[in-house]
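We count ligands from 1, going down the list as the structure has it; atoms in each ligand are counted the same way.
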Amino acid sequence: MDIKVQFFKTLASTNEKAIQLIDERKASEGELIITDNQFKGRGHQDNKWESEPGKNLTFSLIIQPVFLNASEQFILNEVVGLSIIEALNKSLAEEKFLIKWPNDIYVRSDKIAGVLIQHFLKGTKLNFSIIGIGININQTHFISDAPNPVSLKIITGKTYNKEDILIGFIKSFEQNYEKIKTLSGRNEIYSSYLENLYKSNKVAKFKDKNGLFYGKIKGINEFGQLQISDETGQIRIYGFKELEWL
Ligand code: BTN
């Protein structure tokens with residue numbers, strides 16, 4: 001897949017622009033919509049995504065993963081999370097970037113990037129997927145009530161070239177996306193995702209519909225559900241939104 005970058009000075013949300021292109025049948029695989037001023041960025045669960053104009057990367061990539069069943073969609077979260085980590089590592093190798101399930105990117109205990117993936121199905125297959133990514137690069141003050149935002153500049157005090165990080169992401173994504181077209185490649189991506197999982201195998205505090213508990217993340221199943229062993233050693237399985245981290 002060849003990624004083609006389409007730049008917009010201002011957009012409400014790059015994901016919304018991508019949805020519009022798909023609705024109007026003007027979208028094609030590999031189109032990457034990017035803006036320097038996203039003024040109504042969307043996050044998960046009706047959250048907003050804050051990004052000061054000109055400071056960060058906010059973009060959406062349109063792909064057509066027609067070779068994937070809808071039930072296999074989590075592999076895309078793995079590809080995206082790993083590609084962001086690889087891009088950030090090229091700019092700042094001294095820090096460990098990790099994926100907080102399902103695909104927030106964390107450094108130390110703060111969030112440096114967020115991902116919002118939206119799918120369009122055709123029967124049981126994926127037809128289009130929009131991969132929306134916000135990476136905090138040079139912003140040093142955050143005004144929203146997001147709990148723990150961080151940027152590359154907050155970590156090191158240096159200013160980074162956003163385009164270099166975008167190019168790094170594009171290269172990694174193109175390679176990782178090719179890998180998931182074979183079974184051995186999928187296994188490789190899955191193992192790397194597990195190796196780079198935040199708080200894996202460490203005791204952490206969670207909350208589910210029955211209340212608070214302590215547990216250790218043990219892995220992810222094929223549907224992308226999180227497997228946590230609780231204090232009694234029993235494995236609990238959670239889908240996205242069924243679990244809160246504390
Ligand atoms: C989250 O962590 O809640 C997901 C945040 C996703 C933000 C990105 S920025 C580019 C793209 N366009 C949007 O409106 N949102 C995503």
Note down each nitrogen or oxygen pair, ligand 1 side and protein side, whose separation is under 3.5 Å; give only atom names and the distance to 0.1 Å.
| unit_1 | atom_1 | unit_2 | atom_2 | d |
| --- | --- | --- | --- | --- |
| ligand 1 | 2 (O) | Lys111 | NZ | 2.6 |
| ligand 1 | 3 (O) | His44 | N | 2.8 |
| ligand 1 | 12 (N) | Thr14 | OG1 | 3.0 |
| ligand 1 | 12 (N) | Gln38 | OE1 | 3.0 |
| ligand 1 | 14 (O) | Ser13 | OG | 2.7 |
| ligand 1 | 14 (O) | Arg42 | N | 2.7 |
| ligand 1 | 15 (N) | Arg42 | O | 2.8 |

Would you mind writing out the side-chain donor-acceptor pairs for residues 125-133 within the sub-3.5 Å range, not counting sequence neighbours?
| unit_1 | atom_1 | unit_2 | atom_2 | d |
| --- | --- | --- | --- | --- |
| Lys125 | NZ | Asn69 | OD1 | 3.1 |
| Ser129 | OG | His119 | ND1 | 2.8 |

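- Gln175 and Glu86 are not linked by any side-chain donor-acceptor pair at a separation below 3.5 angstrom, with hydrogens and angles left out of the test.
- The hydrophobic cluster analysis finds Ile143 isolated: no Ile, Leu, Val, Met, Phe, Trp or Tyr side chain comes under 4.5 Å of it, directly or through other members.
- Side-chain atoms of Thr159 and Lys153 include a donor-acceptor pair closer than 3.5 Å.
- Taking the ring centroids of Tyr198 and Phe97, they lie at or beyond the 6.0 Å cut-off.
- Through direct or indirect side-chain contacts shorter than 4.5 Å among Ile, Leu, Val, Met, Phe, Trp and Tyr, Phe39 is connected to no other residue.
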